[in-house]
Every structure is written in structure tokens, then in C-alpha cells.
A.B. asks: 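Pasting in a structure now, in C-alpha cells, and then I'll have a few things to ask.
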Amino acid sequence: MDNISIARLLDETAALLEIDSADPFRIRSYRRAAEAVEQQTTQLATLVNEPKQLMAIPGIGKGMAANIVALLTTGTMPLREELLLKYRPSMLELLRLPGMGPKSVALVWSALEVSDIDGLEAAAKAGQLAKLPRMGEKFAAKLLKGIEDYRKNSSRFRIDKAQGFADTISGMIREFPGIEVITPAGSLRRGRETVGDLDLLVTGPACEPDVVAAAVEHVAGLPLIDKLLAKGQNKVSFTLRNNLQVDVRLLPRASYGAALQYFTGSKMHNVALRQRAIKRGLTLSEYALLRLEDNVIVAAASEEDIYHALDLDYIPPELRENGGELEAAAAHTLPVLIELGDIRGDLHMHTNESDGRDSILAMAEAAMARGLKYIAITDHSKALAMTNGLDDARARAHVKRIREVDAELGGKIRVLPGIEVDILADGSLDLEDATLAEMDIVVASVHTHFNQTQEEMTARVLRALENPHVRILGHPTGRKVLSREAYAIDIDAVLRRAAELGVAVEHNASPARADLTDLNLRLAKQHGCRIVVDTDAHATEELGQMRYGVTQLRRAWLTKADVLNTLESAEELLGAMRPKP
DNA sequence: GCCGTTTTCGGCCCGACTGTTTTCAGTCG
């Protein structure tokens with residue numbers, strides 16, 4: 001059983017405990033343990049005989065370690081089995097409906113024996129819900145709408161899409177006079193790969209308490225609103241036609257930092273931060289950090305003030321997952337995270353010679369405009385016929401043209417000849433070694449899965465790594481971000497071998513194609529892998545996706561020194577890569 | 001169920017909004 005599955009079972013147990021009205025703090029322990037397990041880079045399955053190491057994980061004590069061992073050895077645990085005798089697994093899905101919390105789920109179960117969505121829908125339509133305490137006509141109507149939406153679309157949005165909506169909505173809000181700053185908070189600011197809903201924080205003179213009502217009305221009247229969900233004194237919630245929920249909060253400037261900190265989260269980071277505040281005789285809310293004894297404001301206007309007042313270094317949003325960042329900030333050992341401006345080159349892109357849209361020169365000029373000092377042109381090889389992939393002869397001719405463009409540019413930017421070569425089912429490559437020898441950058445990628453098992457896929461990649469011409473392993477897992485598909489490859493084994501051989505591992509910056517998670521990246525660093533981040537651009541504007549890739553590197557706690565394509569020049573880079581045979 | 005510069009017991013984060021209410025519980029973030 002992998003860590004994700006363990007975390008899910010612990011989280012489900014927490015939900016069942018909630019329905020069972022268990023001790024809230026016990027519930028929180030299960031939630032916290034689930035989060036901690038999900039963040040581990042080592043598979044807990046390897047620690048089944050090392051309970052001490054399990055208990056070294058913050059949030060996991062004696063009882064939880066026993067639960068995890070039970071899950072790993074039997075596939076379930078006593079408490080979970082006990083709860084499943086009383087309740088139904090389908091009730092967990094009810095919790096995902098808006099307005100349905102654990103108390104309501106328990107109520108419809110005890111009063112109406114309703115345990116799933118179909119049953120709940122029937123009960124609401126039959127008017128049975130309205131008879132229950134604290135549930136009226138309005139609640140039932142809202143619930144039916146919620147069920148409809150849930151069935152239609154219950155997915156999250158990719159970060160680049162969410163960013164686009166944030167930009168559009170921000171532009172419309174900014175039209176109101178007296179609005180100065182709009183910041184997306186929440187998981188978008190933390191740089192998660194996907195975003196569940198959008199939190200926009202707004203401030204400026206129009207957001208001061210005595211005048212804010214007019215600005216609230218402006219937001220509530222935005223033309224792109226599909227359904228208005230809530231409108232309060234300084235908050236407006238609505239959904240767009242695509243069902244993306246947007247929460248807009250208008251805040252006075254004096255408390256903007258506290259609000260930004262609060263709404264950026266994550267939830268677990270905030271809980272830990274507040275506990276720290278209380279230990280210091282302070283209390284932290286979305287309005288301010290206050291001294292408990294006399295309610296004097298200690299910090300509120302900026303996030304930096306708040307962290308410093310809690311004896312912490314400033315913590316970048318990408319690290320705020322309660323994954324050790326508070327301890328590091330207290331000890332002044334937070335890493336100096338890599339930034340977009342540190343990236344000097346992009347080593348994976350396509351041109352119109354295969355399935356790209358633009359020419360070698362156009363890609364080079366666009367890269368130059370973005371301040372890059374070197375790029376590699378890596379078009380597809382012949383096995384990918386649908387991409388017009390190159391055979392040996394075309395690949396050699398392409399190298400010549402790339403070198404000509406490189407010479408034409410006179411050193412303003414270096415353009416390195418390369419290829420994205422396909423790893424065939426048996427692990428061999430689909431071009432001759434003599435062709436690969438002419439390339440500076442050989443990216444080897446798996447593009448088709450056939451019907452191979454994980455063992456076969458892993459063996460295939462491991463064999464490809466042994467080819468001495470391979471310098472970069474391209475999108476190693478083939479993972480799809482939104483569907484969170486299981487890995488087809490034993491990523492731990494692959495990263496280990498790549499590190500031994502000096503093959504760099506690619507993190508694909510494109511949100512659509514990203515295949516290493518932040519956890520994979522942490523694992524790569526642990527194993528001592530050389531890491532490159534590149535865009536896999538198929539058109540000039542896709543070079544801009546580098547920012548999303550860098551965000552993922554930051555979430556993995558990586559620094560400039562951890563990433564190969566921060567090296568200043570093409571010569572330095574090639575010198576740091578696996579030597580050519 | 002976890003945790004400890006208040007350490008083996010007694011704590012454990014904060015506030016707004018909604019719908020159903022006549023003062024509040026439940027949900028959400």
C-alpha cells in the first residue's frame with residue numbers, strides 16, 4: 001500500500017469519526033496524520049518493521065503508528081472496521097456536497113436511513129428533509145442544486161487555467177475606483193498544481209469599513225457571475241459558468257497582511273502558526289496578531305511583520321504546507337528558494353520540423369527575449385510518426401541547421417542541437433548511436449505505454465538510462481495532473497539509477513504535461529539527482545510556462561544549486577552533465 | 001490521538017455566514 005492510500009484511509013477514518021461525533025481533537029489527529037503521511041518522500045511500506053521511524057514523523061505517535069502498521073499488513077485497521085459496521089462508505093461522499101457536514105450526514109442517517117446521494121436527493125424531493133430539525137425548504141432546495149452541480153462537475157482546475165480566471169476577474173474588480181491591490185490567495189498563491197476554488201483579496205481606499213458596501217455591490221454585480229452564493233459585509237462568493245467557485249474579500253489596508261497570511265493557508269500551516277502564537281501569549285486571526293492580555297495589535301499590515309513577531313523568518317507561500325517550514329523558519333534554516341530569474345536555459349523544446357509550430361530561429365529569439373542564455377532544440381524522433389518525428393537522416397540534417405542558426409546568432413544566445421528520442425518497448429532507442437553522438441542534448445522519453453506492467457515499464461526506462469548518449473530522462477512518469485493517475489513506473493528505482501549514472505531528470509514545466517510532483521522532486525534531491533526544469537514548448541509563447549515549473553521546484557524546497565539549468569553558460573552546463581562517450 | 005522551554009496530564013485555532021431560529025448550531029474556509 002502506498003502513502004497516498006494510507007493517507008486516504010486515515011482521512012476517511014477521520015470523516016467517519018466526525019459522523020460518529022467523536023472527540024474533535026481525536027479527529028484532528030487522524031487528519032493531521034493523513035497530511036503528514038501524504039508528505040513523506042519515503043514509502044511507509046518500507047518502515048513496517050521500524051515503528052520508531054514512523055513515530056519520528058510529527059503527528060504520528062504510538063497509536064497512529066499501530067494504525068499504519070495495521071493498514072500496511074492487513075489492508076485495514078480495527079477502528080475503521082468498527083466504524084464501517086455502524087456507517088456506510090457512501091456517506092463519505094455526502095460530505096462533499098455543499099452544506100452537508102458530519103452532523104447533517106449523521107442526522108439523515110439516523111432519521112431517514114439515507115446513506116448516499118441518490119437517497120438524499122429522493123428525500124429532499126419528497127419533502128422529508130424539511131421536517132428534520134434545522135433543515136427547511138431553503139436548505140433542501142440548495143442541496144438539490146448542490147447535488148446537480150456535484151454530478152455535473154466536481155473536479156479541480158489546473159493552475160494555469162485558474163490563474164487565467166484570476167487575472168480576468170481581477171481586471172473587472174479593478175475597474176471600481178479606490179481599489180488598489182488584488183492578490184490571489186489560497187492554493188493558487190501556494191502554487192499547487194490544481195486549484196479547487198479561487199480566493200481573491202482586495203484592498204485600497206474603497207475597502208475601508210465605512211465605504212466598503214459600494215465596492216461589495218460592484219463585485220456582486222460582475223457580469224461573469226453565474227450563481228451568487230453569499231454576500232456579506234466584506235465578502236462575496238460566487239461561481240462561474242464552469243462551476244469554479246470564487247471568494248472575493250475586501251479588506252482594509254491596515255489588516256491586509258493578516259488577511260493575506262490567513263487566506264493563503266494552508267489550513268494546517270495556519271493551525272500550527274496559531275498554536276505558536278498562543279504559546280507566546282498572542283492570538284492570530286485574519287485581522288491581526290494581538291496580544292491576549294490587552295488586545296494590543298502586534299502586527300497586521302504585512303505578512304513579514306506577522307512572521308517576525310512570532311520569531312520566524314518569512315516563509316514563502318509555496319512552503320506553507322506544515323511540512324517542516326515552521327521549524328526551519330524558527331531555526332533560520334529555510335532554504336533560499338530558486339526563482340524564475342535564476343533559470344538560464346531551457347533544454348527541451350520542439351520546432352516545426354516535428355510537431356512544433358515555430359522555427360528554430362523563432363524559438364531562439366523568443367528565448368532570448370525571456371533572458372535565456374542557452375536553449376536546446378529537441379524535436380521528436382521517428383517512432384512518434386504522428387508528430388512527424390525525425391529519422392536518422394533528417395535528425396542529422398536538423399543538427400546542421402541548428403548549428404547554423406547558432407552561428408548566425410553570434411553568441412547572443414547559444415542554441416544546442418538535441419533530440420527527444422523515444423524509448424521503445426524493450427528499452428532500446430529508436431535512433432542510431434552515431435546519430436545521437438552528434439547531439440549535445442539527448443532527452444530520452446517514454447511516450448507509449450503499450451500494455452506493460454510497472455515492472456516492464458521500469459525495466460524499459462532503466463535500460464534506456466544505460467545508453468551513454470542519454471543526458472536527460474524526459475517526463476519520467478507519464479502522469480496526468482488532473483486525473484492523478486497512478487505512476488506507471490517505479491519512480492524511486494529510476495531516480496536512484498539516474499543519479500548513479502549522472503543522467504539528469506527533467507521536470508516538465510508545462511502544467512498540462514508536468515509529471516514529477518513536488519514530492520518526486522524532493523525524492524530526486526534526496527537521491528542526488530541532477531535536476532533540470534524545461535518547458536517542452538511547442539510554440540514560442542509556451543516558453544512562458546517556465547514560471548509554473550519553477551513554482552513546483554520551490555514547493556519541493558529546491559535552491560538554485562539543485563537545478564542544472566541555472567548554470568551561467570552552455571559550456572558550464574555541458575560540463576556538468578553526463579560526459580559524452 | 002498527539003504533545004511537552006507551562007512535559008506524562010490537560011490542554012488542543014479563529015471568525016463569518018446561513019438557515020433556522022428567538023439565541024444558535026452547523027458549515028466553511
Side-chain angles (χ1 to χ4, degrees), chain A residues 10 13-15 17-19 21-36 54-68 77-79 94-108 129-143 146 185-187 190 195-201 216 228-237 245-251 255 258-259 261-290 292 310-311 322 326 330:
Chain A
L10 291 177
T13 305
L17 282 169
E18 268 187 317
I19 293 169
S21 302
D23 172 17
F25 300 108
R26 191 179 179 206
I27 296 164
R28 183 187 298 169
S29 295
Y30 278 85
R31 287 251 147 78
R32 187 155 175 238
E35 298 238 349
L54 286 178
M55 287 166 66
I57 300 168
I60 304 215
K62 208 173 158 192
M64 206 58 74
N67 281 331
I68 291 170
M77 52 192 249
L79 177 62
L94 291 184
L95 289 170
R96 302 178 59 163
L97 297 173
M100 286 297 287
K103 301 288 184 212
S104 308
V105 171
L107 180 62
V108 297
L129 286 190
K131 294 179 197 146
L132 297 177
R134 277 188 304 280
M135 288 187 186
E137 295 289 338
K138 234 170 164 175
F139 179 86
K142 214 170 174 177
L143 190 60
S187 48
R190 298 203 310 281
V195 171
D197 53 22
L198 220 50
D199 284 303
L200 295 180
L201 301 195
V216 167
L228 192 62
L229 299 176
K231 188 175 79 170
Q233 282 184 338
N234 62 356
K235 173 190 161 176
V236 182
S237 294
Q245 181 172 332
V246 184
D247 297 321
V248 181
R249 293 181 171 82
L250 302 101
L251 303 146
S255 62
Q261 194 292 312
Y262 181 83
F263 289 109
T264 297
S266 67
K267 200 175 161 93
M268 296 308 276
H269 173 88
N270 284 357
V271 168
L273 200 62
R274 282 157 185 235
Q275 283 169 347
R276 187 179 179 88
I278 283 181
K279 280 187 193 144
R280 283 169 171 65
L282 305 167
T283 174
L284 179 62
S285 77
E286 63 216 76
Y287 298 108
L289 181 65
L290 296 176
L292 273 170
L310 293 169
D311 303 320
N322 199 26
L326 287 172

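Numbers restart at 1 for each chain; the letters A, B, ... are given by sequence-line order, proteins then strands. All of these numbers come straight from a predicted model, not from anything done at the bench.
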A.B. asks: What does A/Pro102 touch in the nucleic acid at a heavy-atom separation under 4.0 angstrom: a base, only the sugar-phosphate, or nothing?
C.D. replies: sugar-phosphate

A.B. asks: Counting only side-chain nitrogens and oxygens, does A/Arg134 get under 4.0 Å of the OP1 or OP2 atom of B/dG26?
C.D. replies: yes

A.B. asks: Let's see if you can work this out: which of B/dC17, B/dT18, B/dG15 has an atom nearest to the side-chain heavy atoms of A/Lys142?
C.D. replies: B/dT18

A.B. asks: Checking all strands, does A/Ile27 fall into the base, sugar-phosphate, or nothing category for heavy-atom contacts under 4.0 angstrom?
C.D. replies: nothing

A.B. asks: Given that both distances must come in under 3.5 Å, which nucleotide forms a Watson-Crick or G-U wobble pair with B/dT8?
C.D. replies: none

A.B. asks: For atom C1', what is the distance between B/dT8 and B/dG1, given to the nearest Å?
C.D. replies: 14 Å

A.B. asks: Considering every strand and a 4.0 Å limit on heavy-atom distances, what is the contact class for A/Leu273: base, sugar-phosphate, or nothing?
C.D. replies: nothing

A.B. asks: Return whichever of A/Ala230 or A/Arg28 has its heavy-atom-nearest nucleotide of DNA chain B closer to the 5' end.
C.D. replies: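 The residue whose closest nucleotide sits nearer the 5' end is A/Arg28.
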
A.B. asks: So A/Asn67, base contact, sugar-phosphate only, or nothing? Heavy-atom distance under 4.0 Å.
C.D. replies: nothing

A.B. asks: Which part of the nucleic acid, if any, lies within contact of A/Phe263, taking any heavy atom under 4.0 Å across all strands shown: a base, the sugar-phosphate backbone alone, or nothing?
C.D. replies: nothing

A.B. asks: Whole angstroms only, please: what is the NZ-P distance between A/Lys62 and B/dT8?
C.D. replies: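 That distance rounds to 17 Å.
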
A.B. asks: Give A/Phe139 one of three labels, base, sugar-phosphate or nothing, depending on what nucleic acid heavy atoms sit under 4.0 Å from its own.
C.D. replies: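 Sugar-phosphate, backbone atoms only, no base.
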
A.B. asks: Would you mind classifying the nucleic acid contact of A/Glu137 as base, sugar-phosphate or nothing, using non-hydrogen atoms under 4.0 angstrom?
C.D. replies: sugar-phosphate

A.B. asks: Taking only side-chain nitrogens and oxygens of A/Ser237, does any of them come within less than 4.0 Å of OP1 or OP2 of B/dC17?
C.D. replies: no

A.B. asks: Looking at every strand, decide which applies to A/Pro58 at a 4.0 Å heavy-atom threshold: base, sugar-phosphate, or nothing.
C.D. replies: sugar-phosphate

A.B. asks: Any base atoms under 4.0 Å from A/Lys267, or only sugar-phosphate, or nothing? Heavy atoms, all strands.
C.D. replies: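 The residue A/Lys267 makes base contact.
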
A.B. asks: With side-chain contact (heavy atoms from CB on, under 4.5 Å) as the criterion, how do A/Thr264 and A/Arg190 come out once you've worked through the C-alpha distance, each side chain's angles and the decisive distance to 0.1 Å?
C.D. replies: CA-CA 7 Å; A/Thr264 297; A/Arg190 298 203 310 281; 3.9 Å; yes

A.B. asks: Answer yes or no: is there a side-chain heavy-atom contact under 4.5 Å between A/Leu292 and A/Leu282?
C.D. replies: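 They are not in contact (no side-chain heavy atoms under 4.5 Å apart), so the answer is no.
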
A.B. asks: Rounding to an integer number of Å, can you tell me how far A/Met77 CE sits from B/dG1 C1'?
C.D. replies: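 From A/Met77 CE to B/dG1 C1': 11 Å.
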
A.B. asks: What I want to check is whether an N or O donor and acceptor connect the side chain of A/Lys103 with the base of B/dG26 at under 3.5 Å.
C.D. replies: no

A.B. asks: Between A/Asp311 and A/Arg280, is the closest basic N to carboxylate O distance under 4.0 Å?
C.D. replies: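 Yes, A/Arg280 and A/Asp311 are salt-bridged.
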
A.B. asks: So which one's nearest nucleotide on DNA chain B is more toward 5', A/Lys279 or A/Gly59?
C.D. replies: A/Gly59

A.B. asks: Within a strict 4.5 Å, meaning less than it, do heavy atoms of the A/Glu286 and A/Leu251 side chains meet?
C.D. replies: no

A.B. asks: According to a strict under-4.0 Å criterion, is A/Thr283 in side-chain N/O contact with OP1 or OP2 of B/dC14?
C.D. replies: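 Checking B/dC14 against A/Thr283, a side-chain N or O does come within under 4.0 Å of OP1 or OP2.
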
A.B. asks: Contact class for A/Leu282 vs. all strands (heavy atom < 4.0 Å): base, sugar-phosphate, or nothing?
C.D. replies: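 Nothing: the residue A/Leu282, judged by heavy atoms under 4.0 Å, touches no strand.
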
A.B. asks: Do A/Ile68 and A/Met77 come within less than 4.5 Å of each other through their side chains, counting heavy atoms only?
C.D. replies: no

A.B. asks: Do A/Arg249 and A/Asp199 have side chains that get closer than 4.5 Å, going by heavy atoms?
C.D. replies: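 Result yes, sub-4.5 Å side-chain heavy-atom pair found.
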
A.B. asks: Please determine, for the side chain of A/Arg274, which listed nucleotide (B/dC17, B/dC13, B/dG15) has the closest atom?
C.D. replies: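 Taking heavy atoms from C-beta onward, the closest nucleotide is B/dC13.
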
A.B. asks: Taking atom C1' in both B/dT22 and B/dG4, what distance in whole Å separates the two?
C.D. replies: 45 Å

